[in-house]
Amino acid sequence: LGVIAGGEGDDAGRATLRRDTAQPVHRAAKVCLKAECLQTTGSFKIRGAMNRLSRIAPERRAAGVVAFSSGNHAQGVARAARLLGMPALIVMPFDAPEVKAAGVRADGAEIRPFDRASESREAIAAEIAAERGATLVPSFDDPLIIAGQGTAGLEFARQQDQASRTLDHLICGAGGGGLMAGLSLAFARLSPETRLWTAEPEGFDDHRRSFEAGERRSADPGVRSICDAILTPTPGELTFAITKRHVSGGFAVTEDEVRAAMRFAFQHLNLVVEPGGAVSLAAALRGLPDEMKGQTIGLVATGGNVDPALFAEILTSASA
């Protein structure tokens, strides 16, 4: 597994291009990793948030925005709102990682906590937005959010073209599917021969199940995972309408495989990747199917906002 890591943006991606010199775990494929964990606010989410908020009419900006998120979309919206001079309120679960809540507060946004088990974040956000006359900013099921996330795909495909490579396959973690929808549209235009795959934690592999069924399916009820960033229970209606046309299927990975991928990224790539951001790497490290062997695989490390205590525990665990 030869890994090439790219950074933020076309120029930065070229400037930080580096080849892993650690002992390879196998030599079945060449893997190119797009490091969105190095993006502003620590994840790809700033792309969609900035695109969505920048399209709000000037006369509506004073009323602000309301969003709901476990953390990365929250930070993206908070940062975009601050840059555009807009107030923001984020509906976040009580158990959201403190590092993500701290990032939201640092950008001046207000947090309204909620209980995942007994409250609906969508209903709370919609009520507050209506009371304030604010703009509701969905985390994935929105055309402007999808278009913004898709810029990661435009960059990734162009970076491969500049390096005279073509990705045979692209694996990316999926929650609601906004990033995968954007990636799939970008690659359909710039690299239609690339096959796309989702990666998700076991029990929350609703995209994989939906692709197999041909219609939206839900995650197992009551399942918990350390991959807080991608625990959306079912694909978005709009995002699935896009991905079912362009995505070939999905992978499900275990918690131990996610932890191992986080250690690998830190030890061999000098990257801090959060659990939900490591699922694509986990899928590659577990062993690729025969159809991918000997080919060039693209991975997206979608975020790096991991709780410090959890990260320390994972790095020092007995299985490391």
Side-chain angles (χ1 to χ4, degrees), residues 1-9 12-13 16-22 24-25 31-47 69-76 96-100 102-103 149 152 155-156 159 170-175 178-180 183 197-202 204 225-231 251-286 297-317 319-320:
L1 181 65
V3 179
I4 300 172
E8 172 189 346
T16 61
L17 208 63
R18 61 188 186 275
R19 183 174 297 277
D20 177 32
T21 57
V25 292
V31 174
C32 300
L33 179 71
K34 185 158 183 59
E36 287 293 297
C37 52
L38 301 178
Q39 180 61 267
T40 300
T41 71
S43 87
F44 71 92
K45 289 287 192 176
I46 186 64
R47 297 175 180 272
S69 167
S70 64
N72 285 335
H73 178 61
Q75 291 182 96
E98 176 54 29
V99 66
K100 296 182 178 181
Q149 318 302 27
E155 289 179 5
F156 207 178
Q159 287 164 343
L170 172 62
I171 307 173
C172 182
L179 176 58
M180 181 54 80
L183 290 173
W197 308 81
T198 57
E200 301 164 284
E202 286 187 346
F204 266 96
S225 172
I226 60 172
C227 301
D228 63 280
I230 55 172
L231 300 187
F251 297 98
V253 296
T254 68
E255 301 277 282
D256 285 344
E257 288 167 341
V258 169
R259 292 169 181 263
M262 292 172 66
R263 288 192 292 269
F264 181 92
F266 183 74
Q267 294 165 358
H268 302 311
L269 301 176
N270 297 321
L271 291 175
V272 175
V273 184
E274 65 185 283
V279 290
S280 61
L281 180 58
L285 290 172
R286 75 183 300 180
I297 315 298
L299 306 177
V300 183
T302 54
N305 295 310
V306 59
D307 177 79
L310 174 63
F311 192 52
E313 182 271 318
I314 289 172
L315 292 182
T316 59
S317 63
S319 60

Residue pair Gln39, Phe44: steps toward the side chain to side chain contact (heavy atoms under 4.5 Å, CB included) verdict
CA-CA 6 Å; Gln39 180 61 267; Phe44 71 92; 5.6 Å; no

Derivation of the side chain to side chain contact (heavy atoms under 4.5 Å, CB included) call for Asn72 and Thr41:
CA-CA 8 Å; Asn72 285 335; Thr41 71; over 6 Å; no

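The distance from the CG atom of Asp256 to the OG atom of Ser317 is 8.5 Å, given to the nearest 0.5 Å. Taking OG1 of Thr302 as the reference point, atom CG of Leu281 lies at 11.0 Å (rounded to 0.5 Å). Here CD1 of Ile297 is found 9.5 Å from CG of Leu170. Values are rounded to the nearest 0.5 Å. Note that CD of Glu36 is 13.0 Å distant from CG of Leu299, once rounded to the nearest 0.5 Å. Remark: Lys34 NZ to Phe156 CZ distance equals 7.0 Å, nearest 0.5 Å. With values rounded to the nearest 0.5 angstrom, Phe204 atom CZ is found 9.5 Å from Ile230 atom CD1.
Here Glu255 pairs with nothing under the salt bridge (charged side-chain N to carboxylate O under 4.0 Å, His left out) rule; sequence neighbours left out. Residues satisfying the side-chain contact (heavy atoms from CB on, under 4.5 Å) test with Phe266, not counting sequence neighbours, are Val272, Phe311, Leu315. The ring pair (Phe, Tyr, Trp, His ring centres under 6.0 Å) test applied to Phe251 returns Trp197, not counting sequence neighbours. Every salt bridge (charged side-chain N to carboxylate O under 4.0 Å, His left out) that Glu257 has, sequence neighbours left out, goes to Arg286. For Ala74, the side-chain contact (heavy atoms from CB on, under 4.5 Å) partners at least two apart in sequence or on another chain are Ser69, Ile90, Met92, Val104. Legend: residues meeting side-chain contact (heavy atoms from CB on, under 4.5 Å) with Ala312, ordered by chain and number and at least two apart, are absent.
Between Asp228 and Lys100 a salt bridge is recorded (basic side-chain N to carboxylate O distance below 4.0 Å).
Scanning all heavy atoms of the two residues, the minimum distance from Ala199 to Ala283 falls at CB-CB, 4.3 Å. For Cys227 against Val279, the heavy-atom pair with the smallest separation is SG-CG1, 3.9 Å. Taking every heavy atom of both residues into account, His73 and Lys45 meet most closely at N-CG, 3.6 Å. What you find for Val99 and Gln75 is that their closest heavy atoms are O-OE1, 4.1 Å. Here the shortest heavy-atom pairing between Met180 and Cys172 reads CE-CB, 3.6 Å. In this structure, Ser280 and Gly173 approach most closely via the heavy-atom pair CB-N, 4.2 Å.
A donor-acceptor pair is defined here as one N or O able to donate and one able to accept, closer than 3.5 Å; such a pair exists between the side chain of Glu274 and the backbone of Asn305.
Using a 4.5 Å heavy-atom threshold, the side chains of Val306 and Pro97 count as separate. Taking 4.5 Å as the limit, every side-chain heavy atom of Arg263 sits out of range of all side-chain heavy atoms of His268. Residues Thr198 and Ile171 have side chains not in contact (no heavy-atom distance under 4.5 Å, counting atoms from C-beta outward). Counting heavy atoms from C-beta on, the side chains of Glu202 and Val253 never come closer than 4.5 Å. Using a 4.5 Å heavy-atom cutoff, the side chains of Leu271 and Leu38 are in contact. Within the 4.5 Å cutoff, no side-chain heavy atoms of Val258 are placed close to those of Ser225. The side-chain heavy atoms of Arg259 and Thr254, taken from C-beta on, include no pair separated by under 4.5 Å.
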